[in-house]
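Read the structure below first, then the notes.
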Amino acid sequence: MTALPVADRVTTRRSSRDLLRGERRAVVVVLLLQAAAAAAGLAAPRLLGAIVDDVLQGATVARIDRLALAIAVCTLVQGVLLRYGYLAGYRLGERAIARLREWFVRRTLDLPTAVVERAGTGDLANRSSVDVATVGTMVRDVVPIMLISSAQLLLLFGAVFLIHPMLGLVALAGLPSILAVTRWYLRRASPAYLAEGAASADLTESLTTTAEGARTVEALRLGDERITSGTDRVARQWATRRRTLGLRSVFYPVVEGSYGLPVAAVLLAGGVLARDGSVSIGDVVAAALLLQQAIEPLDRMLQFIEQAQRGVASYARVLGVGFGVPEQRGVAPVPGDERIVVRDARFAYTAGHDVLHGIDLDLRPGERLAIVGPSGAGKSTLARLLAGTEAPDTGSVTLGGVPVADIEPARRRQLIALVTQEHHVFIGTLRDNLSFAAPDATDGEMLSALVAVGADWYAALPDGLDTRLGEGARQLGPADAQQLALARIVLADPHTLILDEATAALDPTTARRTERSLAAVLGGRTVIAIAHRLNTARDADRVAVLADGRITELGTHDELVDAGGPYAALWRSWHG
Amino acid sequence: MPPQIPHADPGVPDTRGPFRYIWWLTRSQPWRILRGALFGTVWMVGLALRPYLVSRAVDDGLRAHDRAALLFWVGTIVASGLAMAWVGIMRHRTMTFVREDATARSAEVVLRHLARAGATLPRRLDAGEVATVSGRDIGYVSHVLTFMGPGIGAVIAYAVVAVVLWRIEPVLALLVLVGVPSVVAVIAPLLRRLEAVETDYRRRQGALTARATDIVAGLRVLAGVGGRSLFADRYDRQSAKLRTEGYRVAAVNSWIEGLAIAIPAVFLALVVWSAARLAVQGQITVGEMVGVYGYVAMLTTPCWMLLGSTYDVIRGRVAARRIVALLRVEPEDHAPAGESVTAPAGPADLHDPDSGLTVPAGRLVAVAADDPGTAAALADRLARFATSDVTWGGVPLGAVPLAEVRRRILVADHDAYLFAGPLRTTLSPAGGAVEPGVHAAAAEDVVDALPDGLDTDVDTQGRTLSGGQRQRVRLARAVLADAEVLILVDPTSAVDAHTEARIAERLRAARAGRTTVLVATSPLLLGQADEVAFLRGGRVTATGDHHGLLARDSAYRALVARGADEDAEVAG
């Protein structure tokens with residue numbers, strides 16, 4: 001397994017700028033609106049300070065009424081500005097995240113098959129679900145909150161500075177402890193919360209699988225073992241939650257204890273300054289109230305700061321797919337004929353551990369070749385070389401004289417199709433599930449393809465080709481799904497078909513049904529079948545026996561049986 | 001005090017109703033909940049302290065130009081801030097302990113119940129439901145338990161502020177005490193609407209994420225057949241749709257969020273106005289006026305908490321109902337009414353009257369069935385996963401205590417479940433040498449191919465293994481269970497012929513002298529059986545050894561040379 005890369009800091013930073021490229025105006029609008037809203041929000045404490053001074057100096061009720069009205073007006077203005085500020089921010093975030101997710105899917109689809117095979121789809125699936133969603137939340141919710149809160153804080157503290165620089169300075173009293181504890185917390189929080197999430201998911205998985213596998217639990221009397229293993233996960237979940245609680249037990253009290261400091265400092269300094277008359281009591285009250293008001297945005301920022309950090313980490317993983325080498329866009333000319341020739345092909349997944357040691361093979365157009373051999377002999381690897389998803393390290397695999405792996409991928413798939421035991425029904429209609437194999441196919445052609453593979457379940461579909469399939473809609477059983485895969489092959493109409501144990505993951509009844517469908521697809525094509533059933537081998541034109549990465553026997557079934565080698569021995573024991 | 005998790009014994013849940021279940025969780029930790037209520041109350045009342053202290057500092061210190069008084073009140077502000085920080089975290093810790101104790105207890109009783117609920121569970125409860133209970137409902141129910149602390153605290157805090165305000169000015173007190181809850185009551189539905197709109201958006205977002213994941217899952221299929229740009233274009237269109245939907249949500253939400261800030265602020269302006277007029281008329285002091293401003297801000301906390309808790313209780317009740325429903329699912333044992341009988345003391349013949357099959361003790365019997373469904377049903381009857389007239393050493397199998405049947409007779413399905421964990425534990429949950437089983441299933445190469453061999457963690461259902469590897473792991477596990485009677489259903493259907501030949505020999509050796517039933521159609525396996533029973537339409541129509549049956553029964557011959565029937569050619 002070769003893990004997919006993760007973007008480094010510099011790339012991440014540069015890409016964040018790219019994400020906002022062409023959005024400069026929108027960014028400025030958002031910032032201006034939010035700053036204006038925050039400024040309007042300052043009016044209440046400022047005007048209250050004015051009221052305090054007026055009251056102390058014996059103002060009239062009418063003046064108080066005017067000031068109170070001013071507070072109300074400022075408040076309403078703040079509400080409206082906030083609305084448009086939020087709106088512009090949300091729209092900006094919405095655009096940015098849409099661009100990012102579309103880029104991610106395109107990049108993923110462009111990844112060379114070999115890279116995907118080696119990284120495993122688990123990592124990619126995680127990035128496409130968890131990471132893209134985390135970045136989405138960050139861009140859509142966390143970034144606006146951070147922006148707005150920091151704008152509010154800046155203005156609040158700025159306003160205190162304007163009242164009196166000295167007051168502004170002492171107002172920063174709580175800041176050092178908050179900064180220090182936040183730094184401490186951030187260094188530990190993300191892994192701790194991720195571990196907590198993973199532990200919870202583990203426990204859920206344990207309970208769900210215990211329910212799913214209830215028959216096996218009863219048959220093998222695994223009840224106690226399931227309880228032990230589940231209890232173990234309860235304990236692990238508790239351990240991770242104690243860990244995060246421990247972090248909060250430091251973080252929260254330091255932050256909360258610090259909130260009182262600026263108010264206290266301003267009152268104290270205000271007392272001194274008011275003595276020599278450089279500030280009024282109203283000013284001090286206003287400053288104290290402004291600082292009281294700063295608690296809320298600060299609290300919100302601290303609440304989301306851990307999520308923001310996690311968002312950045314996810315963003316780096318999302319960007320990581322951009323570092324995979326995109327699949328080659330066809331350097332080789334279109335092959336002249338359908339002849340596949342393998343010459344001294346060697347292949348290793350890790351250097352020095354050859355899986356295939358010099359394979360030589362000549363395929364005749366239209367013939368059926370069965371490849372048999374024990375597990376681990378390199379059958380699937382040979383299939384990948386023939387299909388062009390991997391290129392040999394040395395030697396060659398050519399189609400019509402052209403290296404198969406160099407043919408433009410989309411074109412290559414029209415010539416050679418690889419069917420494995422893996423099948424997948426995409427979310428979408430039945431038509432969506434067929435048309436990607438042959439974009440120009442008519443409904444009639446799709447129906448005949450389904451008929452050809454014996455997909456009689458088609459008749460039971462409520463909306464025909466428009467029936468929605470896949471996760472969250474109608475689920476197809478494994479045999480039906482494999483028939484769907486075969487119908488795609490019929491539509492794609494390649495001249496060469498490679499079957500890599502296409503029916504091995506199915507139960508015997510289903511396998512039999514599928515094999516019947518398969519027969520309909522094979523006619524008139526060159527077929528290379530990796531087989532674990534000897535009757536498939538017997539029916540083939542030629543049989544190649546693969547052992548330890550070498551072809552040890554090659555010939556017709558009868559020739560090999562007559563030759564009396566290992567194949568013959570196997571055949572006899574199978575045949576009885 | 002932190003709870004002891006996992007609990008040595010989670011206890012017996014009260015499943016008579018959702019609130020009874022919640023009460024059971026409460027009764028399990030009464031002192032911790034009381035302590036939580038105490039801290040919650042002190043914290044909430046403490047929130048009222050700072051506005052009071054600030055107002056005293058203004059009145060007694062600033063206005064009076066009394067440095068000592070100012071120092072005293074400022075000192076109190078700092079000290080109360082620190083004290084509140086301590087109370088706050090103690091409250092948070094105690095509440096977390098309450099929730100975690102309840103969460104662990106619920107998970108433990110659900111786990112125990114699922115592990116004992118038996119084979120019919122999946123039919124009566126789908127896995128999605130269990131996932132919902134575990135991932136969400138258990139947490140919701142735990143949240144209800146922390147309602148008490150803040151709930152009581154909120155009421156007391158509200159009362160304290162009421163008294164303080166009343167002593168300042170009764171009219172102002174009425175305005176604040178009625179006004180704050182009203183503002184909360186007005187905004188709450190707005191925010192609920194925001195939540196609804198958001199939920200809808202997140203659902204669509206989830207659907208789009210599912211699409212992306214779906215494309216990733218199907219990458220290999222796309223690699224084989226092509227059509228990638230089609231998928232990218234389709235995804236782009238759906239992504240654009242979500243973006244438009246996001247714009248619509250933003251238009252609504254931005255209003256709600258603007259209002260949620262403006263409405264309380266306007267109310268605050270109203271309070272300030274009334275207080276300022278009173279101050280001008282000399283009815284209250286300036287410090288008191290500043291204090292009132294603080295109380296309004298502070299009172300919103302208990303009001304929100306009460307409202308939120310009500311919502312928690314409603315949600316928790318629904319969640320508890322689902323947990324209770326799950327805990328009420330009872331296992332079936334397929335036992336006829338009446339007395340139970342004693343099982344045969346040692347290995348004994350099994351006889352199934354429905355099919356006419358007899359499995360002699362200590363022999364390897366293969367069953368070749370024309371219809372795999374009838375063979376699976378036969379296996380279910382023999383292992384008592386279905387009601388039947390099967391006899392075991394002459395006594396009715398259904399009347400033998402179920403635990404005894406399970407201990408001695410094992411049916412291993414071809415799709416038996418593989419639980420996640422190290423391969424070694426999967427193969428032999430009880431511990432002990434696994435090599436004999438690995439050998440019998442010819443699974444040495446499966447072990448060798450894993451990075452840490454037997455200690456490698458294997459996914460649920462062996463997702464990372466190939467079909468053939470999975471099947472051999474299942475077979476190895478079944479052999480290692482070392483049951484007196486082992487019934488194997490299609491154990492090698494996904495295995496290549498080379499390996500199957502090896503398995504057939506080794507399995508025979510591993511089970512020598514023990515009763516084994518092998519449901520299969522592969523000649524490699526059938527050839528190793530002491531006796532083969534040919535099952536047609538659910539009845540045994542012929543018995544004998546494999547070669548004998550091949551020679552004299554053409555239907556049997558057609559069945560075992562799989563594929564031959566389609567080619568209209570009989571192997572011979």
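Throughout, a chain's letter reflects where its sequence line sits, starting with A, and its residues are numbered from 1.
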Pairs of heavy atoms under 4.5 Å with chain B: top-ranked of A/E102, A/E256, A/Q78: A/E102
Check whether the side chains of A/R275 and B/H65 place a donor and an acceptor atom closer than 3.5 Å, and report yes or no. no
Is the closest side-chain donor-acceptor distance between B/Y247 and A/E94 under 3.5 Å? no
Applying side chain to side chain contact (heavy atoms under 4.5 Å, CB included), can you list everything that pairs with A/S249, at least two apart in sequence or on another chain? A/L245, B/I89, B/R93
For A/V217, all residues meeting side chain to side chain contact (heavy atoms under 4.5 Å, CB included), sequence neighbours excluded: A/L222, A/R226, B/F419
Quick check for you: among B/V74, B/I5, B/V280, which has the greatest number of heavy-atom pairs under 4.5 Å with chain A? B/I5
Can a donor-acceptor pair be found, under 3.5 Å and without considering hydrogens, that links the side chain of [X] to the backbone of [Y]?
X      : Y      : value
A/H424 : B/D214 : yes
B/R211 : A/I427 : yes
A/R83  : B/A251 : yes
B/R277 : A/V61  : no

Once rounded to the nearest 0.5 Å, what's the spacing between atom [atom1] of [X] and atom [atom2] of [Y]?
X      : Y      : atom1 : atom2 : value
B/L230 : A/F426 : CG    : CZ    : 11.0 Å
A/T75  : B/L270 : OG1   : CG    : 11.0 Å
A/L82  : B/W255 : CG    : CH2   : 10.5 Å
B/D496 : A/K379 : CG    : NZ    : 4.5 Å

Which atoms of [X] come close to chain A, meaning under 4.5 Å heavy atom to heavy atom: side chain ones, backbone ones, both, or neither?
X      : result
B/A383 : neither
B/P51  : neither
B/Q461 : neither
B/A416 : both

Run the side-chain contact (heavy atoms from CB on, under 4.5 Å) test on B/T96 and A/R248 for me, step by step, so that the C-alpha distance in whole Å, both residues' side-chain angles and the decisive distance to 0.1 Å come before the verdict. CA-CA 11 Å; B/T96 306; A/R248 292 197 298 275; 4.2 Å; yes
Determine whether [X] and [Y] make a side-chain contact, defined as any pair of heavy atoms from C-beta on separated by less than 4.5 Å.
X      : Y      : answer
B/M289 : A/I51  : yes
A/S128 : B/T209 : no
B/R406 : A/L220 : no
B/I215 : A/T108 : no
B/V286 : A/L56  : yes
A/Y90  : B/N253 : yes
A/R215 : B/Y417 : no
A/E218 : B/F385 : yes

Where does the angle between the aromatic ring planes of B/F231 and A/F436 fall among parallel (under 30°), tilted (30 to 60°) and perpendicular (over 60°)? perpendicular
